[in-house]
Student: 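Okay, here's the structure, questions in a sec.
In this text, all values refer to a predicted model and were calculated from it rather than measured experimentally. Below, all heavy atoms of this structure are taken into account, side chains as well, without hydrogens, waters or symmetry copies.
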Amino acid sequence: MTTIIHATHPAEFLGLVPALAGFTPRQSLVLLPFQGSRTRGAMRIDLPVDGADADDFAHAALQALLQVQNVDATALVAYTDTPAQSVPDGMLLPHLATVEAVLDVATQAGLRIVEALCVTPDGWSDYLAEDPALHPLDSIPRPDGVPGIGDVSGDQTAGADLPPSNLVEREQVGRALRELEHILEQYRLGQAHTLGTQNPLALITAERVLDDLPAFAEGLLDSPSGDDAYGCAALLWCVNRPVLRDAVLVQWATDLAMGEYALDSQLQFAAGAGAVPDAVGQIFLGKGPRPDADRLGCALQVVRSAAARAPRGAKVGALTAASWLAWALGRSSHAGAYVDQALAIDPEHSMASLISTMLSSGMLPEWALKPAT
């Protein structure tokens with residue numbers, strides 16, 4: 001999203017930041033990359049913990065900024081729970097050393113500084129002021145809003161909680177998953193003729209997955225909140241298998257045809273018949289055309305619902321898929337919440353570990369840094 005900033009006063013600027021970010025940040029440094037008077041949204045980074053190296057933090061922040069094409073300026077806002085301190089010669093703003101380090105590296109990189117502000121529990125202030133003073137929080141105006149952005153009153157973690165589920169739903173999905181795993185194993189062993197007495201719904205679902213996985217994955221987007229226990233179980237089975245999970249994610253980030261190509265490529269790779277094509281691998285790094293946000297949003301709803309209804313041991317694949325989809329949408333805070341849950345269940349999970357590393361390094365999908373077309 002590219003937005004022209006018309007704020008003429010720091011308080012007006014602060015009123016715009018939650019709408020640009022999509023939430024009201026907390027314990028965060030928010031960086032807004034600019035090209036002229038236009039900002040390309042907002043980047044949020046957790047404020048460093050006590051004892052962290054300010055220079056290391058600043059260089060990581062700069063690298064995130066420089067990922068944005070044609071950035072020539074930046075504004076920053078520190079949202080902190082730490083109050084400002086009164087000192088004999090004035091006021092000491094929180095996280096001053098960190099902010100000064102970020103401003104230094106940004107200036108050295110040739111970036112113009114638009115604003116450098118902080119919001120504390122007691123008021124807001126300006127790091128660039130010679131004698132900073134606290135101004136009341138109620139002087140920050142509520143923004144008129146940015147098209148497509150809803151309620152922004154929650155912090156960066158708002159909306160990351162999984163949907164509610166109850167014990168009955170989880171037991172139904174767990175039972176369906178056990179039935180499907182048995183059926184699919186019989187197919188793998190060539191013993192499908194022994195399945196005549198199985199639950200017909202389980203058989204039909206298994207055949208849908210085996211006969212045409214891309215069509216099954218595409219159909220899930222039509223009813224992202226569906227209550228079909230067997231459909232949910234089939235998705236869990238798929239996303240807990242890397243070859244199938246990766247093909248489904250590529251499809252959801254592109255289209256059905258690319259999903260079919262990705263699945264064929266992944267199966268050949270798994271069989272040792274070649275490498276994963278660049279066209280598929282680049283999507284996982286966030287490179288290429290910007291995906292349809294509504295499509296990714298539906299996919300995220302699907303896997304969040306599946307994770308909520310899954311038995312604990314079967315949640316990891318869905319949580320990992322949710323993390324990648326959130327990252328692909330530019331929601332790194334949500335991606336971090338999902339991947340942390342996945343790694344709490346399986347600390348050795350390879351894709352979850354990779355996503356965690358990407359998030360820790362501040363890596364963003366390239367398509368999130370490009371103007372929408």
Student: Regarding S165 and R170, is there a side-chain donor-to-acceptor distance under 3.5 Å anywhere?
Tutor: yes
Student: Do the ring planes of F13 and F34 sit parallel (below 30°), tilted (30 to 60°) or perpendicular (above 60°)?
Tutor: parallel
Student: Could you pull out the closest heavy-atom pair between G288 and W367, with the gap in Å?
Tutor: O-CB, 3.9 Å
Student: So how far is it from L235 CG to L244 CG, rounded to the nearest 0.5 Å?
Tutor: 11.0 Å
Student: Using side-chain heavy atoms (C-beta onward) and a distance below 4.5 Å, is T254 in contact with P291?
Tutor: no
Student: When you measure from the side chain of E169 to the backbone of N166, do you find a donor-acceptor pair of N or O atoms at a distance under 3.5 Å?
Tutor: yes
Student: What are the two closest heavy atoms between L93 and A84, and how far apart are they?
Tutor: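 It is CD2-CB, 4.1 Å.
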Student: Under a 3.5 Å threshold, yes or no: a donor from one side chain and an acceptor from the other, between T80 and H95?
Tutor: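 A pair is found: one side chain offers a donor N or O, the other an acceptor, under 3.5 Å apart.
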Student: Please confirm whether the backbone N or O of V302 pairs with a side-chain atom of S305, one donor and one acceptor, at under 3.5 Å?
Tutor: no
Student: What distance do E366 atom CD and L285 atom CG have between them, rounded to the nearest 0.5 Å?
Tutor: 8.5 Å
Student: Taking the side chain from T120 and the backbone from D122, do they hold a donor-acceptor pair closer than 3.5 Å?
Tutor: yes
Student: Between R309 and R304 (side chain of the first, backbone of the second, donor and acceptor by atom type, cut-off under 3.5 Å), is there such a pair?
Tutor: no
Student: Is any side-chain heavy atom of Q341 closer than 4.5 Å to a side-chain heavy atom of L162?
Tutor: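 Q341 reaches L162 side chain to side chain.
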Student: Do the non-hydrogen side-chain atoms of V239 and V316 ever get within less than 4.5 Å of each other?
Tutor: no
Student: Examine distances only and state if a side-chain atom of Q266 and a backbone atom of D246 form a donor-acceptor pair shorter than 3.5 Å.
Tutor: no
Student: For A335 and S323, which heavy atoms make the closest approach, and how far apart are they?
Tutor: O-OG, 2.9 Å
Student: Can any side-chain N or O of K315 pair as donor or acceptor with the backbone N or O of A307 at less than 3.5 Å?
Tutor: yes
Student: Please determine whether residues V49 and L359 belong to a single hydrophobic cluster, defined as Ile, Leu, Val, Met, Phe, Trp and Tyr linked transitively by side-chain heavy-atom distances below 4.5 Å.
Tutor: no
Student: Can you confirm whether the side chains of Y79 and R44 place a donor and an acceptor under 3.5 Å from each other?
Tutor: no
Student: Can you find a heavy atom in the side chain of S332 that is under 4.5 Å from one in the side chain of L364?
Tutor: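 Side chain of S332 against side chain of L364, heavy atoms only: contact under 4.5 Å found.
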Student: Please determine whether residues V87 and L96 belong to a single hydrophobic cluster, defined as Ile, Leu, Val, Met, Phe, Trp and Tyr linked transitively by side-chain heavy-atom distances below 4.5 Å.
Tutor: yes
Student: Would you call R295-E218 a salt bridge at under 4.0 Å N-O?
Tutor: yes
Student: Evaluate the criterion ring pair (Phe, Tyr, Trp, His ring centres under 6.0 Å) for residue pair W324 and F284; output intermediate values, then yes/no.
Tutor: CA-CA 8 Å; W324 187 86; F284 282 103; 5.7 Å; yes
Student: Quick one: pull up CH2 in W327 and CG in L325 and give me the separation to the nearest 0.5 Å.
Tutor: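 Rounded to the nearest 0.5 Å, the CH2-CG separation comes to 11.0 Å.
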Student: Find the distance between OG (S333) and CG (D46) and round it off to the nearest 0.5 Å.
Tutor: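 The OG atom of S333 sits 6.5 Å away from the CG atom of D46.
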Student: What's the separation between atom CZ in R245 and atom CG in L236, rounded to the nearest 0.5 Å?
Tutor: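 Between atom CZ of R245 and atom CG of L236 there are 13.5 Å.
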Student: Compare all side-chain heavy atoms of I113 with those of L103 and state whether any distance is below 4.5 angstrom.
Tutor: yes
Student: Could you check if a side-chain atom of T74 sits within less than 4.5 angstrom of a side-chain atom of P33, using non-hydrogen atoms only?
Tutor: no
Student: What verdict does the side chain to side chain contact (heavy atoms under 4.5 Å, CB included) test give for V339 and L319, after you've listed the backbone C-alpha separation in whole Å, the side-chain angles of each residue and the deciding distance to 0.1 Å?
Tutor: CA-CA 6 Å; V339 83; L319 288 167; over 6 Å; no
Student: Which heavy-atom pair separates T98 from A54 by the least distance, and what is that distance?
Tutor: CA-CB, 4.2 Å
Student: What I'd like to find out is whether the side chain of W124 reaches to under 4.5 Å of the side chain of V119, using heavy atoms alone.
Tutor: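 Of all side-chain heavy-atom pairs linking V119 with W124, at least one is under 4.5 Å.
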Student: Are the side chains of H349 and T320 in contact, using a 4.5 Å heavy-atom criterion?
Tutor: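 Yes, side chains in contact.
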Student: Go through the steps for L76 and L32 under the test side chain to side chain contact (heavy atoms under 4.5 Å, CB included), then give the verdict.
Tutor: CA-CA 6 Å; L76 65 81; L32 293 92; over 6 Å; no
Student: Evaluate the criterion side chain to side chain contact (heavy atoms under 4.5 Å, CB included) for residue pair L134 and M91; output intermediate values, then yes/no.
Tutor: CA-CA 9 Å; L134 279 181; M91 178 175 294; 3.7 Å; yes
Student: Looking at CG of D55 and CD of E100, how far apart are the two atoms once the value is rounded to the nearest 0.5 Å?
Tutor: 11.5 Å
Student: Do the side chains of L256 and V280 join up, straight or via other hydrophobic residues, at under 4.5 Å, putting them in one cluster?
Tutor: no
Student: For L300, is there any backbone N or O sitting under 3.5 Å from a side-chain donor or acceptor partner on W252?
Tutor: no
Student: Please report the C-alpha distance between V68 and M43 in whole Å, then the side-chain angles of each, then the deciding distance to 0.1 Å, and finally whether the side chain to side chain contact (heavy atoms under 4.5 Å, CB included) criterion is met.
Tutor: CA-CA 10 Å; V68 181; M43 299 177 175; 3.1 Å; yes
Student: Check whether T357 reaches the backbone of I355 with its side chain - one donor and one acceptor, N or O, closer than 3.5 Å.
Tutor: no
Student: Do you know which two heavy atoms are closest between L111 and A73, and how far apart they sit?
Tutor: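 Scanning both residues, the minimum pair turns out to be CD2-N, 4.0 Å.
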Student: Decide side chain to side chain donor-acceptor pair (under 3.5 Å) for E179 and Y230; before the verdict, give the C-alpha distance in whole Å, the side-chain angles of both, and the deciding distance to 0.1 Å.
Tutor: CA-CA 9 Å; E179 291 181 39; Y230 288 97; 3.1 Å; yes
Student: Going by atom types only, do D264 and Q268 share a side-chain donor-acceptor pair under 3.5 Å?
Tutor: yes
Student: Compare every heavy atom of V209 with every heavy atom of A234, then report the nearest pair and how far apart it is.
Tutor: CB-CG2, 3.7 Å
